[in-house]
Amino acid sequence: FPEHIDSVLTAYRVAAETKSALYDLYLSLGSEVLEVFADLSDGVTAASMRPEDTLVIREQVVERYLRRNHPRWLEGKPTPSLWHPREAEGRASGAAVPLGDFRGLARRVVESLPDGVPLLGRNAHFGGRSETISFDVVATSLDDALAIGQAQGQQHTLPGSIGETSGTFDSAANVALLWEVQPNVYKPAGERNRNIAALHRRHRNWHRLTLALAIDWLRGQRARIYILRGEALAITHEVNPAKPVSASIAALHDRTVEAVALSAGAQLSTPDLADERDLLESLVMNHALRKHVLHHGAAEALWKWSGGEEGR
């Protein structure tokens, strides 16, 4: 923590392990974590707070965030992001930017349109990696957005969105890599996320729509676009061997990319040596993927996106 914050927590004898849990939340979600912590500890001794007592902080931060920013998104106004870049050490957020009317684009890629607001996140992805871009469709109803934002799941981007497409965009090199099309919430099953089952059905096309939004925006930037292949998901993302990226997830990822490319009249081609050089000279790959491309090339790990319809 900054010294002035740490001194207050120390003065109130907050336990080291509790302080550590708070700090991790502070890096990811900013100063509102401390405001919620102060409210939670009001009337009790801060020294008695345990790490498990901080679990509710994220939920309350999400609720405050949505109540404050959701009305602005409906008005087309940009806001700070929920997740903060870690290099800013809790002191600055990314941005959430409404993308305007998306119905023309949506009708080309999905049969059923979700009722939502399309949003671009800049440096707004969980984990705080710099140069990230993310694309969400947040439910138009605040109550629906709150229900989705508090549901069980990964919740990696903007709360209120069933799922997202994310990547990195090196604007200086004008190179972009889309490396995930991932749900923010788990699919309802039994009692899990039962309260959002109807919402999940209405937003079931989130994967194709958010990928199409990403491609549409990047084409507007005239970026060279690359997309991770399903077989490279494990190389890029798998950090817990106990939870491997399954073959079915890889297949679904490829199916989504191919379906959106088909609907857009675009081509997915194999990167050549010039493409590989552009990728390696840019900032779009993480360490694991960069290492793989250096040793094995980009041909089996990535697609290059070419062509497709212009605009919306």
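For clarity, every value in this text was computed on a predicted model and none was experimentally measured. Hydrogens, waters and symmetry mates play no part in the numbers below; they use all other heavy atoms, side chains included. In this chain, numbering begins with 1 at the start of the sequence shown.
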Between the side chains of Ser166 and Glu164, does any donor sit under 3.5 Å from an acceptor? yes
Would Lys304 and Glu276 count as a salt bridge (Lys or Arg N to Asp or Glu O under 4.0 Å) here? Give the steps. CA-CA 10 Å; Lys304 180 180 181 179; Glu276 195 171 296; over 6 Å; no
With sequence neighbours left out, what residues match Thr168 under side-chain hydrogen bond (donor to acceptor under 3.5 Å, both in side chains)? Trp179
May I ask you to check whether Thr157 and Asp136 show a side-chain donor-acceptor distance below 3.5 Å? yes
What is the ring orientation for Phe126 with Trp83, classed by angle as parallel under 30°, tilted 30 to 60°, or perpendicular over 60°? perpendicular
For Glu111, does the CD atom have more than 12 heavy-atom neighbours from other residues, nucleotides or ligands under 6.0 Å away? no
Under a 3.5 Å cutoff, is there a donor and acceptor pairing between the side chains of Ser282 and Asp170? no
Regarding Trp206 and Ser161, do their side chains bring together a donor and an acceptor under 3.5 Å, going by distance alone? no
With sequence neighbours left out, write down each residue that passes salt bridge (Lys or Arg N to Asp or Glu O under 4.0 Å) with Asp278, or none if nothing qualifies. Arg224
Run the salt bridge (Lys or Arg N to Asp or Glu O under 4.0 Å) test on Arg50 and Glu17 for me, step by step, so that the C-alpha distance in whole Å, both residues' side-chain angles and the decisive distance to 0.1 Å come before the verdict. CA-CA 8 Å; Arg50 309 303 301 164; Glu17 58 269 27; 2.4 Å; yes
Should we say atom CD of Glu35 is surrounded by more than 12 heavy atoms from elsewhere, each under 6.0 Å from it? yes
Approximate separation, where rounding is to 0.5 Å, of His253 NE2 and Glu258 CD: 9.5 Å
Quick one, Glu231 with Arg229, criterion salt bridge (Lys or Arg N to Asp or Glu O under 4.0 Å). Give me CA distance, side-chain angles, the key distance, then yes/no. CA-CA 6 Å; Glu231 61 191 85; Arg229 291 178 183 261; 5.2 Å; no
